[in-house]
Amino acid sequence: MSDSLQLLYVMDADRQVQAVQIPWELWRRIEPLARPALDSLMAKASEEPAEPLAAFAEFLHYWDFSYAYSPAVRCPHCGAATQNWREDQAHPFRLANANLGGLLVFHCRGCGATIRQKHFRDHVAVEHTPPNA
């Protein structure tokens, strides 16, 4: 192989290969073979992860607060709202996290903001982070 077609192995501090740099001329030759595999990997990477519904079910199972759980979610950034995030056909909010500590985290599909519902013994505190913050 000529020097212009040599691969460059990029290694970390422990000398483990992290990446391979391919010369342009070689890439032009192998791209038709590699493109289907790359497209497949990119499609899988862009899929949204599943909502953590098992963690949400566990959150509800151990609910022992003095008030009833409300499935309503509102985005303070863009004003999107739903009375029930689980049953709303438009599904304007996507559950990103749920835990037994009382935290529910949603992402607004309208603007990308993050909404955090912090459930305490006697109240719910709602915080949000604007998109791209």
Side-chain angles (χ1 to χ4, degrees):
M1 183 182 299
S2 76
D3 286 341
S4 66
L5 293 180
Q6 287 191 347
L7 303 179
L8 174 64
Y9 295 91
V10 181
M11 297 182 203
D12 63 16
D14 296 324
R15 310 252 331 129
Q16 299 296 314
V17 176
Q18 297 299 308
V20 178
Q21 187 174 3
I22 302 171
W24 179 248
E25 186 179 329
L26 180 57
W27 174 248
R28 286 182 31 220
R29 293 182 192 174
I30 66 171
E31 183 178 14
L33 300 171
R35 182 56 57 195
L38 291 171
D39 290 346
S40 175
L41 286 172
M42 295 300 285
K44 287 179 185 175
S46 67
E47 293 175 4
E48 287 185 335
E51 290 180 294
L53 297 178
F56 176 74
E58 185 177 35
F59 165 84
L60 286 181
H61 178 76
Y62 289 103
W63 184 271
D64 65 350
F65 296 145
S66 60
Y67 55 94
Y69 168 73
S70 171
V73 179
R74 182 183 170 287
C75 177
H77 186 73
C78 73
T82 182
Q83 292 302 307
N84 190 330
W85 68 270
R86 294 176 292 178
E87 296 178 7
D88 190 324
Q89 292 293 326
H91 205 62
F93 300 96
R94 189 174 176 291
L95 181 66
N97 188 18
N99 69 44
L100 290 177
L103 176 67
L104 296 179
V105 179
F106 297 92
H107 291 150
C108 177
R109 290 186 184 269
C111 70
T114 300
I115 298 98
R116 290 174 300 285
Q117 294 179 344
K118 296 180 175 182
H119 296 83
F120 296 99
R121 179 92 16 227
D122 58 352
H123 73 284
V124 179
V126 178
E127 299 174 352
H128 84 286
T129 304
N132 303 319

* Would I115 end up clustered with L103 when hydrophobic side chains under 4.5 Å apart are linked, directly or stepwise? -> no

inquiry  = Parallel, tilted or perpendicular: which one describes the rings of W63 and Y67, with boundaries at 30° and 60°?
reply    = perpendicular

Closest non-hydrogen atoms of A80 and F93, given as atom of the first, atom of the second and distance, are O-CZ, 3.4 Å

Output for pair (S66 OG, H123 NE2), nearest 0.5 Å, gives 11.0 Å

Hits for side chain to side chain donor-acceptor pair (under 3.5 Å) against N84, two or more places apart or cross-chain, chain-then-number order -> none

- Task: Decide if atom CD of Q83 counts as having more than 12 heavy atoms of other residues, nucleotides or ligands within a radius under 6.0 Å.
- Result: no

Separation between CZ (R109) and OG1 (T82), nearest 0.5 Å, reads 12.0 Å

Apply side chain to side chain contact (heavy atoms under 4.5 Å, CB included) to the pair I30 and I22, showing each step before the final yes or no.
CA-CA 10 Å; I30 66 171; I22 302 171; 4.1 Å; yes

dist F59:CZ -> F56:CZ (nearest 0.5 Å) comes out at 6.5 Å

Start with the C-alpha distance between H91 and W85, add both sets of side-chain angles, then the distance that settles side chain to side chain contact (heavy atoms under 4.5 Å, CB included), and finish with yes or no.
CA-CA 6 Å; H91 205 62; W85 68 270; 4.1 Å; yes

> Among the clusters formed by ILVMFWY side chains lying less than 4.5 Å apart, do L26 and V20 turn up in the same one?
Replying inline: yes

**Message:** Between L53 and Y62, is there shared hydrophobic-cluster membership here, with clusters defined by ILVMFWY side-chain heavy atoms closer than 4.5 Å?
**Reply:** no

| query | Are the side chain of E58 and the backbone N or O of A98 linked by a donor-acceptor pair below 3.5 Å? | reply | no

Main-chain N/O of L95 paired with E51 side-chain donor or acceptor, under 3.5 Å
yes

Would you mind reporting whether P23 and L7 have side-chain heavy atoms less than 4.5 Å apart? yes

dist R116:CZ -> L104:CG (nearest 0.5 Å) comes out at 12.5 Å

With a 3.5 Å cut-off and sequence neighbours excluded, list the donor-acceptor pairs that the side chains of residues 11-18 form with protein atoms.
unit_1, atom_1, unit_2, atom_2, d
D12, OD1, D14, N, 2.9
D12, OD1, R15, N, 3.1
D12, OD1, Q16, N, 2.9
D12, OD2, Q18, NE2, 3.1

I'd like to know if W24 and L33 are part of one continuous hydrophobic network [Ile/Leu/Val/Met/Phe/Trp/Tyr, side-chain heavy atoms within less than 4.5 Å]. no

- request: Answer whether the closest heavy-atom distance between the side chains of D64 and R121 falls below 4.5 Å.
  value: yes

One should read off an interatomic distance between H77 NE2 and T129 OG1, to the nearest 0.5 angstrom, of 11.0 Å

Look at the side-chain heavy atoms of Ile, Leu, Val, Met, Phe, Trp and Tyr, link any pair under 4.5 Å apart, and say whether L100 and V105 land in one connected group. no

message = Ring-plane angle category for Y69 and H119, please: parallel below 30°, perpendicular beyond 60°, tilted otherwise.
response = tilted

